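Below is one structure, written out as C-alpha cells; comments come after it.
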Amino acid sequence: MVKNATPERLRTRGAASIEFTMVFIIFFLLFYGLVGYTLPLLLSASYQEIASEGLREAVDLYFIADQTNGTAEINIPSYVQQLIERSWIPDEWQETCPGYAEGYFDRQGGIWRVCLRYSSPESIIPPFRIFGWSIPALPDEIRGEAVIRIY
C-alpha cells in the first residue's frame, strides 16, 4: 500500500489519470488531423506539379523536334510516362486517368493533356473514426491534370 494513502488522495490520483487520458486523446486527434489533412494537400500539389512538368516537357520536345524535322520519330506519350515514373511519387500511387488513350498523356486535336491520379488516398493515411466522425475526411481521389491548347 502507498504511504499516506488516504481515500481522498487516491481519488485525486484517479481523477488526474482520467484527465490525462482525455487530454491525450484530444492532442492525438489534433496531431493526426493535422498530418492527415496536410499529406493529401502535399500530394495534390505534387501531382499537379508533375502533370504540369510532364506537359511542359512534351510541348518542349514536340517543338524542338519540329524545328529539326524529326517529329515523326518522337514518342511523346512514352516520354511523359518515363518522366512521371522518374518522379518521387511511388509507382503504386501512380495511376492513369480514365479517358486518356495514351496512358498519362492525351491529345485530341490541338488540346494536349497530362493527368496523374491516385484513386484510394485512404490507403496512404487511413482515417481515424470516432463517434461517427472520420478524421481526416479525405477526397475520393488525388489528382493532378494539366491542359494546353496548341495552335
Side-chain angles (χ1 to χ4, degrees), residues 12-151:
T12 306
R13 282 187 184 169
S17 64
I18 290 171
E19 289 171 3
F20 172 77
T21 303
M22 296 301 245
V23 169
F24 176 78
I25 290 171
I26 290 171
F27 278 129
F28 174 76
L29 288 175
L30 285 173
F31 175 74
Y32 196 77
L34 180 71
V35 170
Y37 283 111
T38 304
L39 188 62
L41 286 173
L42 169 71
L43 285 174
S44 179
S46 296
Y47 278 44
Q48 186 63 45
E49 176 63 29
I50 291 169
S52 297
E53 186 65 28
L55 186 60
R56 191 176 304 118
E57 290 290 325
V59 169
D60 192 34
L61 183 66
Y62 175 77
F63 283 111
I64 287 172
D66 189 39
Q67 290 174 353
T68 61
N69 295 326
T71 310
E73 301 168 6
I74 296 177
N75 187 354
I76 292 176
S78 174
Y79 182 78
V80 170
Q81 182 170 350
Q82 289 173 7
L83 188 121
I84 290 172
E85 288 173 354
R86 285 192 312 259
S87 69
W88 71 269
I89 295 179
D91 293 340
E92 305 86 46
W93 297 0
Q94 299 174 4
E95 298 176 6
T96 60
C97 293
Y100 279 62
E102 303 177 76
Y104 300 106
F105 179 77
D106 185 42
R107 67 183 136 197
Q108 296 174 351
I111 297 177
W112 288 20
R113 304 182 302 167
V114 173
C115 184
L116 173 67
R117 74 183 186 107
Y118 185 58
S119 62
S120 57
E122 289 187 354
S123 67
I124 297 172
I125 183 157
F128 184 74
R129 300 186 199 300
I130 185 168
F131 303 122
W133 291 354
S134 180
I135 300 172
L138 297 171
D140 294 335
E141 72 176 1
I142 299 173
R143 180 183 185 122
E145 185 172 20
V147 179
I148 191 170
R149 176 172 290 205
I150 297 179
Y151 291 103

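Note that the coordinates shown come from a computational prediction; the quantities given were computed from them, not determined experimentally.
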So, using ring-ring contact (aromatic ring centres under 6.0 Å, His included) as the criterion, who are the partners of Tyr47 when residues are at least two apart?
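Once residues adjacent in sequence are excluded, Tyr47 has no partner under the ring-ring contact (aromatic ring centres under 6.0 Å, His included) criterion.
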Please list, chain by chain and in numerical order, all residues satisfying salt bridge (charged side-chain N to carboxylate O under 4.0 Å, His left out) with Arg143, sequence neighbours excluded.
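Result, salt bridge (charged side-chain N to carboxylate O under 4.0 Å, His left out) vs Arg143: Glu141, Glu145.
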Using the test salt bridge (charged side-chain N to carboxylate O under 4.0 Å, His left out), find all partners of Glu102 that sit at least two apart in sequence or belong to another chain.
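Applying salt bridge (charged side-chain N to carboxylate O under 4.0 Å, His left out) to Glu102 gives Arg107.
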Taking only distance into account, with no hydrogens and no angle test, what donor-acceptor pairs under 3.5 Å do side-chain atoms of residues 123-131 form with protein atoms, sequence neighbours excluded?
{"residue": "Ser123", "atom": "OG", "partner": "Tyr118", "partner atom": "OH", "Å": "2.6"}
{"residue": "Ser123", "atom": "OG", "partner": "Ser120", "partner atom": "O", "Å": "2.8"}
{"residue": "Arg129", "atom": "NH1", "partner": "Ser134", "partner atom": "OG", "Å": "2.9"}

Could you walk me through whether Asn75 and Phe105 pass the side chain to side chain contact (heavy atoms under 4.5 Å, CB included) test, one step at a time?
CA-CA 11 Å; Asn75 187 354; Phe105 179 77; over 6 Å; no
Residue pairs involving residues 88-121 (criterion disulfide bond (SG atoms under 2.5 Å apart); sequence neighbours excluded):
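Qualifying pairs, neighbours excluded: Cys97-Cys115.
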Which residue pairs pass the disulfide bond (SG atoms under 2.5 Å apart) test when at least one of the two sits in residues 119-151, sequence neighbours left out?
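Listed by first then second residue: nothing to list.
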Once salt bridge (charged side-chain N to carboxylate O under 4.0 Å, His left out) is applied, what residue pairs with a partner in residues 28-48 remain, sequence neighbours excluded?
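Pairs touching residues 28-48 that pass the test: none.
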Just how far is it from atom [atom1] of [X] to atom [atom2] of [Y], taken to the nearest 0.5 Å?
X	Y	atom1	atom2	value
Thr38	Leu43	OG1	CG	11.0 Å
Ile148	Trp112	CD1	CH2	9.0 Å
Phe28	Tyr32	CZ	OH	6.5 Å
Leu116	Trp93	CG	CH2	12.0 Å

Under 3.5 Å, which donor-acceptor pairs link side chains of residues 51-60 to any protein atom two or more places apart or in another chain?
{"residue": "Ser52", "atom": "OG", "partner": "Gln48", "partner atom": "O", "Å": "2.9"}
{"residue": "Glu53", "atom": "OE1", "partner": "Arg56", "partner atom": "NH1", "Å": "2.5"}
{"residue": "Glu57", "atom": "OE1", "partner": "Tyr79", "partner atom": "OH", "Å": "3.3"}

Run the side chain to side chain donor-acceptor pair (under 3.5 Å) test against Ser119 and tell me which residues pass, sequence neighbours left out.
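Ser119: side chain to side chain donor-acceptor pair (under 3.5 Å) contacts with Glu95.
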For Glu19, check side chain to side chain donor-acceptor pair (under 3.5 Å) against everything at least two apart and list the hits.
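Residues passing side chain to side chain donor-acceptor pair (under 3.5 Å) with Glu19: none at all.
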Phe31: side chain to side chain contact (heavy atoms under 4.5 Å, CB included) partners, not counting sequence neighbours:
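Phe31 satisfies side chain to side chain contact (heavy atoms under 4.5 Å, CB included) with Val35 once adjacent residues are dropped.
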Determine the minimum heavy-atom distance between Ile142 and Pro121, stating which atoms define it.
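So the two residues come closest at CD1-CB, 3.7 Å.
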Show me the donor-acceptor pairs within less than 3.5 Å that the side chains of residues 80-92 make with the rest of the protein, sequence neighbours left out.
{"residue": "Gln81", "atom": "NE2", "partner": "Glu85", "partner atom": "OE2", "Å": "3.0"}
{"residue": "Ser87", "atom": "OG", "partner": "Ile84", "partner atom": "O", "Å": "2.6"}

Does Thr21 reach the main-chain N or O of Ser17 with its side chain, forming a donor-acceptor pair under 3.5 Å?
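Between the backbone of Ser17 and the side chain of Thr21 there is a qualifying donor-acceptor contact (under 3.5 Å).
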If only atom types and distance count, is the side chain of Arg117 paired as donor or acceptor with the main-chain N or O of Thr96 below 3.5 Å?
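Answer holds: yes.
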